Structure formats: structure tokens, C-alpha cells
Amino acid sequence: SGKVGACLKHFAANNQESHRFVIDAVVDERSLRELYLKGFEIALREKPAMIMGAYNRLNGVYCCENQWLLRDVLRREWNFDGICVTDWGATDDRV
């Protein structure tokens, strides 16, 4: 069969649809890791092709631009080497 890749979404703390473009999920690190990130960490064991960032901010920084979330946790700590994509329009700074 052809090659197909899964995409995990919406990384991370995307817990509401109302005002999702402007909401700032303020979450302490312990709660974040135990409640919001654990499912992604487990799913990454299955080697998905990509992960899609969420629209919301996480502790003041848009998830699709959050270096701690994308670089430190996803890439360095969890060793994810797949593709990171934004959801449609989820990037605040396009430069």
C-alpha cells in the first residue's frame, strides 16, 4: 500500500472552541505535563508523520511559535523528528 502519515493535533492545551484564536491558556508546568501533554507524549511513540500546533496561546505565547513547547519539549526532550505544521491561520508572526 502507499505511504500514509498521521498528524497529531492540536498541540497543546487546546481545550475550547470559543475564542480559540485569542485565548491564552495559562497552565503551570506540572498540570501541563500531566494533563495536556501526556496524551501527545504517548501518541508520539507510534511515530506520526507530523504534529499540528494549536491556535491558542500557551502562557502568553502562541503554540505555533512557542519555542519551549516545540523545540525544548517536542524536539529535544521527546526526540520528535517529524514535521511541525500550523493549523490554518494559527501563526501570528508570519516573518
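Computed from heavy atoms alone, side chains included, the values below leave out hydrogens, waters and symmetry copies. Source: prediction; values computed, not measured.
- A 4.5 Å side-chain heavy-atom check between E65 and T86 finds every atom pair outside the cut-off.
- Shown here for A54 and A12, the closest heavy-atom pair between the two residues is CB-N, 3.8 Å.
- Cluster membership check: L69 shares its hydrophobic cluster with L44, using side-chain heavy-atom separations under 4.5 Å among Ile, Leu, Val, Met, Phe, Trp and Tyr.
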Before you tell me yes or no, could you show the steps for L74 and C84 under side chain to side chain contact (heavy atoms under 4.5 Å, CB included), namely the whole-Å CA-CA distance, both residues' side-chain angles and the distance that decides it to 0.1 Å? CA-CA 10 Å; L74 185 63; C84 292; 3.5 Å; yes
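- Linking Ile, Leu, Val, Met, Phe, Trp and Tyr residues whenever their side-chain heavy atoms come within less than 4.5 Å places I83 and M52 in a single cluster.
- Using bins of under 30°, 30° to 60° and over 60° for the plane-to-plane angle, the ring pair F11/F40 lands in the perpendicular bin.
- Note: I42 CD1 to L37 CG = 11.0 Å, rounded to the nearest 0.5 Å.
- In this structure, a donor-acceptor pair under 3.5 Å is absent between the side chains of Y36 and N14.
- Between the D24 side chain and the G60 main chain, a donor and an acceptor come within less than 3.5 Å of each other.
- Neither L70 nor M50 shares a network with the other; the hydrophobic side chains, linked directly or stepwise wherever heavy atoms of I, L, V, M, F, W or Y lie under 4.5 Å apart, form separate groups for each.
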Evaluate the criterion side chain to side chain contact (heavy atoms under 4.5 Å, CB included) for residue pair K47 and F80; output intermediate values, then yes/no. CA-CA 8 Å; K47 306 292 184 198; F80 178 67; over 6 Å; no
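- Ionic pairing of R71 and E77 is not present here: no N-O contact between side-chain nitrogen and carboxylate oxygen is shorter than 4.0 angstrom.
- Counting only heavy atoms from C-beta outward, the side chains of N56 and C63 approach each other to under 4.5 Å.
- Of all non-hydrogen atoms in R33 and V73, the two that sit nearest each other are NH2-CG2, 3.8 Å.
- In this structure, R30 CZ and L35 CG are separated by 9.5 Å, a value rounded to the nearest 0.5 Å.
- A salt bridge does not link K38 with E34: every distance from a Lys NZ or Arg NE/NH1/NH2 to an Asp or Glu carboxylate oxygen is 4.0 Å or more.
- Cluster annotation: L8 and L58 are assigned to the same hydrophobic cluster (Ile/Leu/Val/Met/Phe/Trp/Tyr, side-chain heavy-atom contacts under 4.5 Å, transitive).
- Within the 3.5 Å criterion, the main-chain N or O of V27 finds a donor-acceptor partner in the side chain of N59.
- Side-chain contact between D87 and H10: present, with at least one pair of heavy atoms (C-beta onward) separated by less than 4.5 Å.
- Smallest separation of non-hydrogen atoms from G5 and A49: CA-CB, 3.6 Å.
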